[in-house]
Amino acid sequence: MHGGLDERTLLSNIPPSGVLTIDLGAVRANYSKLKEMTGAAVAAVVKADAYGLGAYEVGRALQSEGCNHFFVAHLQEGFSLQKVLSPESSIYILNGVQPGGELGCAQAGLIPVLNSLEQTRRWCEAADLLKRPLPGILQFDTGMSRLGIPADEREAVAALLETTQNVPILFAMSHLASADEATNKQNAAQLAQMRRIMSDFHWTDMCFANSGGIFLGAHFHGGMVRSGIAVYGGAPTDFIENPMRPVVRLEVAVIQTREVPAGTKIGYGGTHVAQSRMRLATIAAGYADGLPRSLSDRGAVYYQGHRLPIVGRVSMDSMTIDVTGLPDGTLDLGSMVEVIGPNQSIDQLAASAGTISYEILTSIGTRYSRKYC
Ligand SMILES: *Cc1c(COP(=O)(O)O)cnc(C)c1O
């Protein structure tokens, strides 16, 4: 008890240092837009806690929109997600299963992406041991050299599956390296590879396109597509303006304001020196909140449509912005500025930081209060 208030009431009255608003209506609208674009099943990629936005909330919202295929990266993510999704949902593990994880994966009913002959063999052995069919997805490397069965293992995988017969293959999958670049020749090259694989594995269906791949056209779609970034409002392709609805908004509190004369050093290392009298505001956003240090002296935040440049280095928990352009006294202790919102999309913020929207989303810190709407 503090002055008669219980702790819960006290905490609920504390003004947030930032508010991250996640628009689940926009998530649903984006998902259904993708569904309209393809005759394929649309799986949602909810790895890394749904790109940082909350796999539980996002997963449930997508489920209510009719989504029942979900991809995560780690087996552990699959176990957590399974607890919150309806049992009809299929959950696929992109990174595959480490040796020894097969029985746990099988018993939970999670479906691995089989990325090599060895993983396929181990999955077949688990099916033998459990004496029941265990479905899987075969991933092939078509030019990214990251994950997937290499060309010289294809024949052995096909032979193994023919003799074993207890691992039904739901899809033959691959991943595009340059799908967001509509005119990149690598897309056609990977498609050609994929077509060759699909003729060898003609008895199963193709799962090829990520968000960018969906926008490359129907010949990339196959039986199921896998979308992450487009669902979360990021730009999926470079050949049209982003058609997806923004999902994320981030507003951050001003924690101090000051005026400094010309010649004043600002921030770590004194890298920024005021050229003239400046008004500054320090806000509660730093690299520990997912605002990359590369935004130092490059990025900006917004207040009522005014661009407020970041000056000096981004710190762990704060950064300083130039508010000289605003009338004196506009911003004060407790005012909120826009970091992501109508004036600055996740793609624009990412571009200023020299990165991609994916990295911005998955880094957004957990210190802000979250509002789902
Ligand atoms: C992350 C990932 C996706 C989702 O990609 P987006 O570009 O976000 O749609 C799809 N497939 C694989 C294999 C992935 O790793």
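Each ligand, and each atom within it, is numbered from 1 in the order the structure gives. These numbers come from a predicted model, not from an experiment.
With Thr142 as the partner, the side chain to side chain donor-acceptor pair (under 3.5 Å) test is satisfied by one option alone out of Gln190, Gln193, Arg195, Arg196: Gln190. Of the options Val113, Ile137, Ile111, Val72, a side chain to side chain contact (heavy atoms under 4.5 Å, CB included) to Ile93 is made by Val72 and by none of the others.
Here the CG-CG distance, from Leu53 to Leu24, works out to 9.0 Å after rounding to the nearest 0.5 Å. Atoms OG1 and CG, from Thr21 and Leu250 in turn, are 8.0 Å apart once rounded to the nearest 0.5 Å. Atom CG of residue Leu114 and atom CD1 of residue Ile169 lie 5.5 Å apart, to the nearest 0.5 angstrom.
Below 3.5 Å of separation, one finds no N or O of Met173 facing any N or O of ligand 1. Between Ile229 and ligand 1, a contact under 3.5 Å exists for at least one N or O pair. Taking only nitrogen or oxygen atoms, main chain and side chain alike, Gln139 does not reach within less than 3.5 Å of ligand 1.
Atoms of ligand 1 lying under 4.0 Å from any heavy atom of Asn210, numbered from 1 in the order shown and given with element: 5 (O), 6 (P), 7 (O), 9 (O), 10 (C). Each of the atoms 9 (O) of ligand 1 lies under 4.0 Å from some heavy atom of Ser227. Heavy-atom contacts of Tyr358 reach the following atoms of ligand 1: 6 (P), 7 (O), 8 (O) (cutoff under 4.0 Å).
In Arg226, the parts holding a heavy atom less than 4.0 Å from any atom of ligand 1 are both the side chain and the backbone. Under 4.0 angstrom from ligand 1, the non-hydrogen atoms of Tyr51 all belong to its side chain. Contacts between Arg146 and ligand 1 below 4.0 angstrom, taking non-hydrogen atoms only, involve the side chain exclusively. At a 4.0 Å heavy-atom cut-off, ligand 1 touches Leu94 through the side chain alone.
Between Phe140 and Phe201, the distance separating the two ring centers is shorter than 6.0 angstrom.
Closest approach of Thr164 to Cys124, counting heavy atoms only: CG2-CB, 3.6 Å.
For the pair Ala230 and ligand 1, no heavy-atom separation below 4.0 Å is found. Distances from ligand 1 to the non-hydrogen atoms of Tyr232 include no value under 4.0 Å.
Residue, atom and distance of the protein heavy atom nearest to atom 9 (O) of ligand 1 are Ser211 OG, 2.5 Å. With respect to atom 14 (C) of ligand 1, the closest heavy atom belonging to the protein is Lys47 NZ, 2.9 Å.
Ring geometry for Tyr92 versus His69: interplanar angle under 30°, hence parallel rather than tilted (30 to 60°).
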Let me see the working for Thr282 and Ser318 under side-chain hydrogen bond (donor to acceptor under 3.5 Å, both in side chains), right down to the final yes or no. CA-CA 7 Å; Thr282 299; Ser318 64; over 6 Å; no
